[in-house]
Structure formats: structure tokens, C-alpha cells
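Below is one structure; the comments refer to it alone.
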Amino acid sequence: MNTHSGRRARTAAATGLAAALLAAAPGVATAAGENLPPLRPSTDTLTVDAAKTCSDEPVHVPRAPELRAVVEDPAEDNEGWETNGAGAEFELWWTGADGTEQRRTHTSGIVHSPVTQLWRTPSDLPADTVVSWHVRAVDDEGATSAWSDQTPGTTCRFVIDTVNPEPATVVSEQYPDDGGGWHGGVGVYGSFTFDSPSEDVVEYVYSFLGSVPGRVRPEEPGGPVTVRWMPEESKPYYLEVTAVDRAGRPSSRTTHWMRVAAGRAPVAHWTLADPAGADAAAAEAGPAARAEDGVVFGAPAPSRTGLTSTVSLDGRGNGYLTPDAPATDTAETFALSAWVRPAATDAPMTVASQDAADGTSAFTLGLRPTADGPATWAFRYGGTTLTGGSASAGGWAHLTGLYDTEDDTLRLYVNGEEVASETGVAPTSAPGAFQIGRARGDAGARWRGEIGDVRVWDRVVPRKEIERMGSRPAELVAAWDIERTDDGVIPDREGGEPLTLHGGAGFYTPDYDACFEDPECLEFPAGALDGDDHLALDGTGGHAATDGPVVDTADSYSVGLRVRFAATTPDRPMTVLSQGDADSDAFRVRYDPAASEWQLVVTHGGEPGAEETVVAGPGAPTSSSDEVIVVHDDSEGRITLYVGGEAVATAGFGASRSAPGPLQIGRGHTADGGWGEYFHGGADTVRVFSGALTASQVPSFAHLG
């Protein structure tokens with residue numbers, strides 16, 4: 001024994017006395033040299049298999065478990081240079097088959113205190129037998145604490161269960177596993193009841209078609225439990241269920257097969273594509289809707305939707321349609337949708353509503369102006385109002401409102417995307433007539449603009465279905481893969497208008513052979529931007545243009561190309577892309593070297609001096625190519641400039657106009673209305689889309705279509 005540890009050799013009486021003194025005066029440290037016993041392990045720190053806490057009621061485990069306890073030796077008896085350590089002495093016992101008591105013990109090593117010590121119990125412990133256990137702490141002098149189950153502790157117990165539970169049974173009235181027909185439907189909830197013959201099942205783990213597993217517990221072990229589920233697509237599905245007993249043992253997996261039918265058709269549907277002069281809107285489902293004098297049929301329809309026409313409402317007292325009957329029971333699950341284009345956004349307007357009994361509307365779907373920003377779309381139901389998305393005058397949008405009584409959730413979707421939701425919304429009855437273009441109260445909040453394809457359902461319309469209805473994917477309308485031609489006319493791959501070269505525009509073709517033949521050639525010429533050739537613009541008058549407009553700039557569009565500057569330090573602003581009329585540009589994309597930024601400029605009108613919106617992002621020409629793309633999302637009222645696949649600038653813009661002029665490559669209008677800012681460099685891979693590309697589509701714009 002070394003001199004430091006030898007000073008701790010004391011009688012048991014001295015040790016007990018020191019402990020008693022410390023307990024009587026907890027704020028006073030023991031005298032140097034007195035060894036205090038370790039602390040009694042707290043029952044709260046004792047666990048079985050790390051997850052199950054110590055309990056007098058036996059916990060069930062699937063195999064011989066791992067026992068854990070936190071042990072601690074007090075530091076009050078240490079010198080300043082000493083450390084204290086603690087180990088754990090575990091003891092377990094049970095009554096054997098012959099009635100005799102069996103015991104096992106284990107003592108861990110001593111390590112720095114406090115510490116969690118563990119015992120991986122022997123594998124030959126008996127199954128289906130109550131095994132009791134406790135633990136006490138041991139210090140490096142051999143002193144021990146009281147056992148953990150001494151008052152006020154608890155004796156811990158466990159039972160080893162080696163038998164897996166029986167497989168679960170699954171029963172569903174709406175979606176049975178009958179090996180045959182199609183049942184239920186998209187947007188229709190079904191109940192699934194799980195049960196097991198084993199009385200010790202405490203949990204079921206389930207998954208629909210490989211989704212993230214869910215877990216549900218019955219009220220009592222061995223009891224049944226019911227879950228609800230709603231399919232989003234019409235197709236075969238399977239449900240997998242595993243029963244888990246109190247020991248954590250799983251059953252074999254039960255697979256419940258089912259085939260989900262298509263969702264029910266709308267209970268009311270008006271395309272509003274009736275011929276001009278009609279006095280009512282024919283119904284695809286439900287009653288026809290009479291039209292008042294302020295309704296004009298034959299209005300334009302949103303492109304890329306399959307709709308042929310819509311109705312235009314004048315926003316006055318007689319600008320509405322109604323079937324003079326309710327479209328659905330609003331106290332139950334329902335949904336409604338419509339394509340809309342507001343003529344203005346400075347006042348509340350209603351797309352659709354249904355009359356309540358008290359002279360108000362139970363719900364309204366429409367828009368709300370805001371004090372300090374763009375107008376927003378709104379869905380009010382009872383006392384709850386959801387708002388989201390940006391409403392742009394003259395821009396088409398698809399709106400969907402949904403109330404789901406399964407969880408009393410209200411949702412608003414704009415262009416297929418959920419923009420707002422709220423749960424805990426109380427149901428509201430509306431026994432009155434369905435209205436298109438007006439609501440009760442707010443002076444009618446009558447709609448001014450176009451409405452088309454109004455639908456009402458008595459079921460949930462799932463997210464995927466809403467996405468399909470509200471989608472207007474961008475369509476490629478022009479693609480010029482610029483390769484050398486003898487006549488200076490570049491054909492459109494889509495069969496539309498060609499690009500014609502003007503001024504000092506020509507073609508660039510890298511002459512690799514000349515470098516091979518020249519013994520002094522040390523550097524090959526730069527390759528073409530795409531393919532064998534690209535457009536070469538001289539910066540003084542060279543440009544390429546179509547004969548007429550390529551895309552309707554009043555609607556959503558995306559236009560882009562690849563460019564390479566002749567010098568990485570240009571000495572003046574240059575325009576790479578524009579479309580407008582004889583005196584101004586509806587949009588132009590330019591680079592300003594003085595500000596070291598790319599700029600997208602859009603005008604609010606065609607007259608000289610019209611207001612402009614400019615969005616800009618930092619950038620610099622490189623020795624390689626840049627992909628420059630402008631995206632105008634008319635439904636959101638937003639313009640975005642992308643360079644190299646990244647959005648460098650974006651802003652709200654709700655003053656779009658149709659530009660009757662041609663698409664220009666390499667020039668734009670200057671402040672005096674003349675042509676200028678000619679681009680010096682190369683251009684290639686020009687693409688024009690009707691519709692707004694998504695951020696994920698932009699990096700691959702050259703390969704879309």
C-alpha cells in the first residue's frame with residue numbers, strides 16, 4: 001500500500017462515524033483522511049436494456065438483459081490531488097423450478113465517479129420467471145453503499161419472454177383484402193382494425209405501400225386498435241402490420257392487399273366554356289347555373305390547361321352565376337377549385353361562396369388586397385380565414401380550398417401548392433345557394449375578371465390530384481441550335497420562325513486544322529458554345545432576330561441562351577436578349593460592367609419613358625460560357641433572372657404587356673427609343689418557353705422540350 005492510500009486505512013467504526021457526521025452537517029466537509037462510503041444508487045437511474053426503467057412490476061425483455069446503474073463516490077473526503085472512483089455490485093435472484101432460491105452476482109471495475117456501470121447478464125437465466133435485482137456502489141477502498149432497494153428504494157424485476165406473438169389480423173370495411181374488386185376511392189378515408197390472438201401485444205407497427213412506419217398502441221395489452229388512412233391515387237396498395245409484445249418481440253408480418261378505386265367525380269362542375277350569348281352555364285355535374293347580365297361567355301382561357309374559354313364578370317351587381325341550390329354539405333368534408341384571372345387586385349373579390357342561413361356566406365374563396373404588398377389569395381370558412389400566394393392583376397391562377405372533417409383541417413392551394421392550413425376548425429353549415437362571382441356581405445365582394453372550370457367535391461382532393469389540376473407546365477415553343485448556314489437564316493427546331501442574322505452578325509467555327517498545320521501554334525482556338533458553330537456578334541451592329549413575336553409577354557414565359565463575352569472586362573453595357581416593339585422593350589437582359597451586375601429590365605407600358613422595374617444581381621463575365629435565363633411567372637406576378645443556373649435577382653412585377661415585336665439576340669432599346677447596347681461575343685442554344693420554368697428546370701433548360 002502506498003503512503004497516500006495507507007492514510008485511509010481506518011476502522012469501520014471511524015468510517016461510520018464520519019458518514020454520520022457528514023449526514024448531520026451536509027455543508028461541512030469531512031476531515032482529511034476519513035473515507036466516506038459511496039452513495040446509494042438511485043432507483044431512477046436503474047434500467048433494463050437501457051430503455052426500461054426499474055419497476056417492482058416486472059418488465060418484459062426478449063432475452064437475458066443488460067442492467068445499468070449510475071454509481072457515485074462522494075468527493076468530500078478527497079485531498080486536492082486525489083480523484084474518486086466507483087464501481088457497481090449487481091445481484092439478482094429468482095426461485096428455481098425446484099423451489100430453491102438462485103442468485104447471481106457481478107462486480108464491475110472501479111472508474112472515475114460518477115459513472116454508469118453495466119452488467120450483461122448470463123444467457124442461461126430462466127425464461128418466464130420473475131427475476132429480481134438490485135445494485136450497490138463500491139469505492140476503491142472496498143467501502144459499499146446501501147443496496148438500491150433499501151428504503152425508499154424499489155426492488156427491480158424482469159421476466160425473459162422467448163416467444164414471439166401471433167401475427168396481427170387486419171379488417172377493413174372500406175378497403176377489404178378480397179382478392180378481387182376495386183374499393184373505396186381516392187380521397188376517401190378507410191378504417192383498419194388490427195388485432196392479435198396474443199394477449200401480451202402492446203403495439204402495432206404498420207406501413208402503407210412502404211411508407212414511413214407508424215406505431216399505435218391498444219388501450220389494453222392484447223386489445224384491438226383502429227387506424228384511419230386515405231389513399232391519394234387509384235392503384236393497388238398493400239398494408240404491412242407487425243404485432244409487438246411487451247418484451248419487444250415482433251410477430252411475423254401480416255400483409256393486407258387492396259385495390260383503390262378512382263376518386264368520386266365532383267358533385268358540381270361548371271366548365272364555364274359555354275358559347276357567347278348563353279344565359280346559363282351548363283353543368284358537367286349538378287344543376288345548371290343561371291347567368292345574370294354582367295356575365296360574358298367566351299372569354300379567354302388559361303393556356304396549357306385544356307380549357308377552351310371562360311366567363312368574364314364585370315364586378316357589378318349582376319355579374320354572377322348561381323344554380324340557386326347548394327353545391328355540397330359544407331359541414332362535411334368538401335373541396336372546391338377554379339381557374340381565375342383578376343382584372344384588378346385593389347378590393348376584396350369572391351370567386352365562389354355558399355350562402356349560410358344567417359344571411360352570410362359559410363365560405364368564400366377569392367382574394368384580399370394588402371396594405372403594403374401584393375394582394376393575396378384567401379379561403380374563409382366560418383370564422384377562419386387562410387391567406388397565401390400572390391394575386392396578380394391579369395395573371396391566371398388555380399385556386400383550391402379544402403375542408404377535411406377527419407382532422408378539422410382547412411387548406412388553401414394556389415397553382416397546385418399548399419400555401420396555408422389550419423387545424424381545429426369547427427364545421428359550418430351552409431344550406432343556401434352556391435354562388436360564382438359574389439358573396440353575401442362585403443358589398444358582395446363581386447369578382448371582376450375571368451373565372452373558369454369551377455368544381456366542387458364531397459371528398460378530400462389529395463395533394464397530387466390538386467397538383468395535376470393546377471399545373472401549367474412550361475412548353476417549348478422555339479429552339480435555335482445555332483449552326484452555320486449559307487443564307488444567314490437559322491431554322492427553329494420546333495418549326496416556328498427562324499432567326500435571321502443582321503448587321504455584323506456571323507458564325508464562329510473553331511479552326512483546329514489551322515493550328516495543327518502551324519508549327520508555331522501553341523494554343524487551340526476556343527470551342528463553339530454548343531455544337532460546331534455559334535453566333536458571332538461584333539458589338540457594333542450585329543444581331544439576330546425573328547420576324548415577329550415568339551412568346552406572349554403578357555403571360556408566363558421563359559427565355560434563355562448561352563453567351564460568351566469577347567472580353568472578360570467589357571467597357572460598356574451590353575444587351576444579350578430582348579423582346580418589345582418599335583420603341584421599347586417588354587423585357588431585356590443586359591450586363592452593366594460599371595456596376596458589375598446582370599440586370600433584367602421590364603417595362604410597365606409601350607410608350608416612351610414608361611416606368612421600368614429593374615432587378616439586378618452581381619456577376620462578372622468569364623472566359624467560358626454563361627447561361628442567362630429570364631423567367632416571368634404571371635400567376636405569381638414575379639420576374640426572376642438566372643445566371644449559370646442560379647437565381648441572381650427576383651422581384652414582384654404585375655404590369656406585364658403583350659409585346660408585338662420580334663425576339664432580339666444581341667441588342668435592345670436605349671433610353672431615347674433607338675437600338676443600341678450591341679453585344680460583343682458569342683451566343684448559342686436559344687430557347688423560348690410558354691410558361692414559367694421551375695427553379696429545378698432552369699439548370700437543364702437547353703435539354704427540355
Side-chain angles (χ1 to χ4, degrees), residues 164-199 201-219 222-245 249-269 283-286 306 327-329 332-337 400 402-407 409 411 416 455-469 471:
N164 291 355
E166 292 294 317
T169 59
V170 180
V171 176
S172 175
E173 178 181 351
Q174 295 84 6
Y175 297 101
D177 183 353
D178 59 6
W182 295 76
H183 301 281
V186 172
V188 177
Y189 284 93
S191 295
F192 298 81
T193 299
F194 309 151
D195 204 350
S196 172
S198 299
E199 297 181 355
V201 168
V202 296
E203 185 178 58
Y204 295 93
V205 181
Y206 65 97
S207 173
F208 288 91
L209 198 62
S211 62
V212 176
R215 295 176 178 271
V216 62
R217 300 178 70 90
E219 292 184 1
V225 67
T226 298
V227 300
R228 299 274 287 170
W229 173 76
M230 183 200 73
E232 294 194 357
E233 295 181 274
S234 174
K235 63 181 182 181
Y237 284 86
Y238 62 85
L239 163 65
E240 295 180 321
V241 183
T242 301
V244 181
D245 68 15
R249 285 190 167 273
S251 70
S252 59
R253 186 177 299 160
T254 299
T255 301
H256 179 90
W257 294 92
M258 52 194 154
R259 295 199 290 177
V260 174
R264 292 194 299 270
V267 293
H269 182 192
E284 301 292 311
T328 189
D329 183 356
E332 300 295 332
T333 294
F334 76 95
L336 74 155
S337 72
T400 304
L402 168 65
Y403 178 61
D404 185 355
T405 56
E406 187 73 15
D407 53 6
T409 298
R411 303 182 190 275
R455 308 185 190 202
V456 184
W457 293 264
D458 63 349
R459 62 172 174 89
V460 171
V461 181
R463 173 184 54 84
K464 291 183 179 180
E465 190 174 351
I466 293 173
E467 286 178 352
R468 289 193 295 268
M469 288 191 300
S471 174

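For clarity, every value in this text was computed on a predicted model and none was experimentally measured.
- E233 CD: more than 12 foreign heavy atoms inside a 6.0 Å radius.
- Closest heavy-atom contact between W457 and S337: CH2-OG, 3.4 Å.
- The distance from the CE atom of M258 to the CG atom of L209 is 8.5 Å, given to the nearest 0.5 Å.
- The line from CZ of R228 to OG of S191 is 4.0 Å long, rounded to the nearest 0.5 Å.
- Every residue two or more places apart in sequence or in another chain was checked for a side-chain hydrogen bond (donor to acceptor under 3.5 Å, both in side chains) with Y237, and none qualifies.
- When atom types are taken as modelled, the side chain of S196 and the backbone of E166 share a donor-acceptor pair closer than 3.5 angstrom.
- Taking every heavy atom of both residues into account, S207 and S211 meet most closely at OG-O, 2.7 Å.
- Between the CD1 atom in I466 and the OG1 atom in T400 there is a gap of 5.0 Å [rounded to 0.5 Å].
- Residues passing the salt bridge (Lys or Arg N to Asp or Glu O under 4.0 Å) test with E219: none are found, sequence neighbours excluded.
- Considering every non-hydrogen atom in both A335 and L402, the closest pair reads CB-CD1, 3.8 Å.
- Every residue two or more places apart in sequence or in another chain that forms a side-chain hydrogen bond (donor to acceptor under 3.5 Å, both in side chains) with T405 is listed here: T333.
- With contacts defined as side-chain heavy-atom distances shorter than 4.5 Å, the pair V188/R264 qualifies.
- Residues satisfying the side-chain contact (heavy atoms from CB on, under 4.5 Å) criterion with S251, sequence neighbours excluded, are P165, T242, A243.
- Annotation: ring-ring contact (aromatic ring centres under 6.0 Å, His included) contacts of F334 (sequence neighbours excluded): F363, Y381.
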Using side chain to side chain contact (heavy atoms under 4.5 Å, CB included), reason through E406 and V460 one step at a time and then give a plain yes or no.
CA-CA 10 Å; E406 187 73 15; V460 171; over 6 Å; no
Given the rule in the side chain to side chain contact (heavy atoms under 4.5 Å, CB included) test, do V241 and V205 qualify, once you have shown the distances and angles that lead to the verdict?
CA-CA 6 Å; V241 183; V205 181; over 6 Å; no
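- In this structure the side chain of R217 never reaches within 4.5 angstrom of the side chain of V225, judged on heavy atoms.
- With sequence neighbours left out, the salt bridge (Lys or Arg N to Asp or Glu O under 4.0 Å) criterion links E467 to R463.
- Between P167 and R253 the shortest side-chain heavy-atom distance does not fall below 4.5 Å.
- F208 is linked by a ring-ring contact (aromatic ring centres under 6.0 Å, His included) to F192, W229, counting only residues two or more places apart in sequence or in another chain.
- Of all heavy-atom pairs between G223 and P218, the closest is O-CB, 3.3 Å.
- The side-chain hydrogen bond (donor to acceptor under 3.5 Å, both in side chains) search around R468 returns none, not counting sequence neighbours.
- The salt bridge (Lys or Arg N to Asp or Glu O under 4.0 Å) search around D329 returns none, not counting sequence neighbours.
- Rounding to the nearest 0.5 Å gives a distance of 6.0 Å between OG1 of T409 and CG of D404.
- With values rounded to the nearest 0.5 angstrom, E284 atom CD is found 8.5 Å from R455 atom CZ.
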Could you walk me through whether D245 and E203 pass the side chain to side chain contact (heavy atoms under 4.5 Å, CB included) check?
CA-CA 7 Å; D245 68 15; E203 185 178 58; over 6 Å; no
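- A search for ring-ring contact (aromatic ring centres under 6.0 Å, His included) contacts involving Y204 returns F194, not counting sequence neighbours.
- Here the side chains of V170 and L239 are in contact, with some heavy-atom distance below 4.5 Å.
- The backbone N or O of V260 sits less than 3.5 Å from a side-chain atom of S234, completing a donor-acceptor pair.
- No donor-acceptor pair under 3.5 Å is formed between the side chain of R215 and the backbone N or O of Y206.
- Take E465 and apply the salt bridge (Lys or Arg N to Asp or Glu O under 4.0 Å) test, not counting sequence neighbours, and it matches R459.
- Each side-chain hydrogen bond (donor to acceptor under 3.5 Å, both in side chains) pair with one or both residues in residues 172-184, not counting sequence neighbours, appears once here: D178-H183.
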